[in-house]
Protein chains: 4
Amino acid sequence: MPMAEREPSPRKGSRTAARVRASALKLFARHGYAAVSMRQIASDVGVQPSALYNHFPTKQDILKDLMLSHMRDLLDAWPPFADEAGQSADPLDVFVRFHIRYHLQRREEVFISYMELRNLEPESFAEVEAERRRYESILKAILEDGQKSGAYRIADTGVAARAIIAMLTGIPNWYRENGPLSADKIEEIYLEMVRGSVAATPLTASIESD
Amino acid sequence: MPMAEREPSPRKGSRTAARVRASALKLFARHGYAAVSMRQIASDVGVQPSALYNHFPTKQDILKDLMLSHMRDLLDAWPPFADEAGQSADPLDVFVRFHIRYHLQRREEVFISYMELRNLEPESFAEVEAERRRYESILKAILEDGQKSGAYRIADTGVAARAIIAMLTGIPNWYRENGPLSADKIEEIYLEMVRGSVAATPLTASIESD
Amino acid sequence: MPMAEREPSPRKGSRTAARVRASALKLFARHGYAAVSMRQIASDVGVQPSALYNHFPTKQDILKDLMLSHMRDLLDAWPPFADEAGQSADPLDVFVRFHIRYHLQRREEVFISYMELRNLEPESFAEVEAERRRYESILKAILEDGQKSGAYRIADTGVAARAIIAMLTGIPNWYRENGPLSADKIEEIYLEMVRGSVAATPLTASIESD
Amino acid sequence: MPMAEREPSPRKGSRTAARVRASALKLFARHGYAAVSMRQIASDVGVQPSALYNHFPTKQDILKDLMLSHMRDLLDAWPPFADEAGQSADPLDVFVRFHIRYHLQRREEVFISYMELRNLEPESFAEVEAERRRYESILKAILEDGQKSGAYRIADTGVAARAIIAMLTGIPNWYRENGPLSADKIEEIYLEMVRGSVAATPLTASIESD
DNA sequence: AATGAATGAGTGTTCATTCAT
DNA sequence: TATGAATGAACACTCATTCAT
C-alpha cells in the first residue's frame, strides 16, 4: 500500500471532517448530545452550519462516528505492549492499568460512550453494544482463567467483569489532573482494590472460618 | 357518565404536580432531560403544556426538584432499620445491601441523578453535589472506622468510597428483574467483592510477603 | 342544536385558522404550494410562523384542507336551485352554467385543485380524486341520459365528460373580470360549443352523408 | 479496465447538457419546478451539483430552455406532412389530429409548459407566452376561415380556439398508453366533438327552430 | 468539464414560555 | 387550575450558487 492510500490531495480545508469530530467530541462531552446544536459545532469549527453536511449527513452520524471509532480504537489498543503495561505480567494487572490509563487519556470519548448510548439510533446502538461486550469479554476471560487456576474466587465472572469496569470507569468523573493524586497513584489504589475484590482468600474467609 | 369519570384521588387535578413529577421522571430517565419537551411531559400527564406552569415555574425546576428530592429521600432512608438490613450488623455490609436495594428500587431517579447533573444550573448543581458528598461521606466514615480498627486496609478512603459506589451504582445499568440473577444473589456477589476490595489481607499480602 | 354548537367563545384571534386558509389559498394560487413558505403565510396572516401550528399540524395539511373543502363545497353546491341555473331546464345547460359560474367565482380554489394535486400525499390525493370523480360522474350521467334519449351522439361518455370539463375549466386561465367578454356572454359561447360537441346531428353527419 | 468503461457516446460527458435537459424535464414534470432541487437533477444525471453550472447558468435557465424549446419544436412541427396528418385534408381535422398526437408524444414537455409558466421570470414568461399565442393563432385562423366559408358558426374565434385547445390539452392528464382507448380512437372521439362544437348547424339550431 | 468544499439565506417545524380567559 | 393562542428564538437540515483545483 505505497501511494494509493494517500488522501486525494492535501487540499485547503481537507481536514474539516477531523475538526468537526474534535469539536463535536468536546461539546457533546461537555453539554450532552441533545443539548449541542449543529450551529454550535459549526461555530466551534469555524465554518457555516451547512458546511458540516459536506462531511456528515446528519448530527446523529457524528455521534455514531465518535462512539464507534472510540470503541474500535479502544479494542485496537488492546493488548498493550509489555513495557507500556508496566512491570507486572499479571493479566488482571495489565488490564486494570491499561483501562485506567486509556480512560484517563480519552476522557471525553469515554464520557460520551457511556452517556449518549440512548441517543443512538437502534442500529448504531447495537453496533456499539457489540463492541462494548467484546471489551468486557476480555476482562471476563482473564477472570475465568484466574478462577480456573485457583488464583481468584468469583461467584459470577460476567457480573464481576461489569463491576470492575464500572468501578474503573468512574475514575474520570472525579479525577483532576492537577489534583492531589497522580495517575500512577490512582492506578495502584485501584489495582489493589480490584485484586482484593476477586482474591481467593478475602476477609470473609477468615470471618466465615470463625 | 356521572361518577365513573371521577379520578381515584379525592379532588381531581389536585395531584397534578405529582403526576408531572412522575411523568418527567420517566421521560427524563428514558430520553434525557434535553431530549424531553414540556409538551411531551404535558401529554404524558394528560394536560396542556401551559398547565405545567401552574406547578413548576420552569422545566429546569422540574429537574431540580427530581434530583434534590431523590438525594434527600436517599439520605432520609439511611440508616435502614436493622431488620431491613438483614442479618449482618457489619456497617459495610449494611451500606452495600442498602445501596443496592435502594438503587434497584429507584432506578429512574438514580439514572437521572447521575446523567443529568450537567444539565442543572450551577446553583442547583451545587445543592445536589452537596447531598451526594454527604452520602459518600457515610461510606467514607465506615471505611475509616474499619481502617482504624484494622479490619480494612485502604490507601485512600475517599477514593475507595467513590470506587465502591461507582461499582454498585453500575448495577441498574444491566440488571433485569426477570434475568438469571435475583436481587438477593446480586447483593451477595457484590458484598463479597466489596469486602475483598478493602480487606486487610488480600491476595497481594501474600505476594508482598514473598 | 341550540347552544352546544357554538364555538367555545368568540375569543380574540379565534378566526386565525380561517385567515390562514385565506392567505394560503391566495398564495398557493399565485405562486404554487412548493414556492410558498410557512413564513410567507404567517406574515400574510399577521402572525408568527409558529402560530400557524396551533391551527394546522403541517403545511401539507393546509393544502389538503383547501383542496378537500373545495371539492366538497363544489359538490354541496350541486344541484343549483332552478332560478340560479337560469331559464333553461336542460340538464346539460344547467351543468355548464353552474360549472362556469362556480369556477369563475372560486378561481383560486379551482386553480389550486388542478395544479397542486401532485403535491398532495398519496392518501389525501386519493380522497380528492374520489371527489373529483364524483363530480365528473354528474356530467357523465347527464350525457348518458341524453345519449339514451337520442338527444346526444357520444362515442364515449367518460371521455366526453372529461373533455367538456377540461374545456370549461380552462376559462379562468384567461378570463379577466374587466375584459371584453362578460361572464354571461362566456356562458352563452361555451354552452353553444358544448351542445354542439355532443349534438346528435353534427356537421360531420352532413359531410358523411355526402 | 481498459475500454469497457467508455461511455457509448463518442466523447464522454460531451452530452451532459442534453442529459441535464432530459433529467430536468422528467423531474419538473413529475414534481414541479419549485419542488425539484439542483441536487436532484445532478444526481439523476450522475454528476455533482456544481457540474450543472458548466451547462446552465441557473436553475431558472433550465426551465426557460425547456419551455422555450418545447414551444419552438411544436411550432416547427407545424404543419405536419399530409401523409402524417391522415386521410383528411380538412384543416381543423389536421390541427386536432396533429395537436393530439404531438401532445401525447411529448407529455412531459406539455405538462411543464402549462404548469410552470408562473415560475418563469417575467421576461422568459413573455417569450413563452408569445409562442403560445402564435400557436393559438394557427387554430384561430382555421376557425376564422371556416366561419367565413360558412362551414362553422362561432361566436368568438379567440374563445373557441382556447376552448378547443383546453379540451385537447386535457387528454394527457388521464390518457394511459395501455388503457382501454387507443390514441387513434381518442383522436376520432375528440375530432367529432370539436367538429360539433363549431358546427354550423348544431343541435340547438333544430331545438330553437322548434 | 467536473469536483469537493464552502457559503448565506432559507426550509418546515419545535422549543420553553406567557397570558387572557 | 386549566386552556388555547400566541411569541421569538432556535432547531436540523436544504437551497442555489460559487470557486479553487
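By convention in this document, chain letters (A, B, ...) are assigned in the order of the sequence lines, proteins followed by strands, and residues within each chain are numbered from 1. No hydrogens, no waters, no symmetry mates; every other heavy atom, side chains included, goes into these values.
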Spacing between [X] atom [atom1] and [N] atom [atom2], to the nearest angstrom:
X        : N      : atom1 : atom2 : answer
D:Leu63  : F:dA16 : CG    : P     : 13 Å
B:Phe56  : E:dT17 : CZ    : P     : 13 Å
B:Arg19  : F:dT1  : CZ    : C1'   : 12 Å
B:Arg15  : F:dT1  : CZ    : C1'   : 14 Å
B:Leu52  : F:dT3  : CG    : C1'   : 12 Å
D:Asn54  : E:dA1  : CG    : C1'   : 5 Å
D:Ile41  : F:dT17 : CD1   : P     : 10 Å
D:Asn119 : F:dA16 : CG    : C1'   : 15 Å

I'd like to know if the side chain of A:Arg132 reaches the main chain of A:Ser113, judged simply by a donor and an acceptor atom lying under 3.5 Å from each other, with no hydrogens or angles considered. yes
Donor-acceptor under 3.5 Å (A:Arg72 side chain, A:Glu131 main chain): no
Charged N to carboxylate O below 4.0 Å: is that the case for C:Glu108 and C:Lys26? no
Any idea which heavy atoms bring [X] and [Y] closest together, and the distance?
X        : Y        : result
A:Lys64  : A:Leu120 : CA-CD2, 3.9 Å
B:Tyr114 : A:Met115 : O-CE, 4.3 Å
B:Val45  : B:Val20  : CG2-CA, 3.7 Å

Atom pair CG (B:Leu52) and CG (B:Asp61), whose distance is rounded to the nearest 0.5 Å: 12.5 Å
Rounded to the nearest 0.5 Å, how far does CE of A:Met38 lie from CD1 of A:Ile41? 5.5 Å
OP1 or OP2 of E:dA2 versus the side-chain N and O atoms of D:His55: is any pair under 4.0 Å? yes
Is there a side-chain polar atom (N or O) of D:Gln48 under 4.0 Å from OP1 or OP2 of E:dG4? yes
pair A:Ile112-A:Tyr33: side-chain heavy atoms closer than 4.5 Å: no
Canonical and wobble pairing (Watson-Crick, G-U, under 3.5 Å) of DNA chain E, dot-bracket with |: .||||||||||||||||||||
Per-nucleotide protein contact string for nucleotides 10-16 of chain E (B base, S sugar-phosphate only, - none; heavy atom under 4.0 Å): -BBBBBB
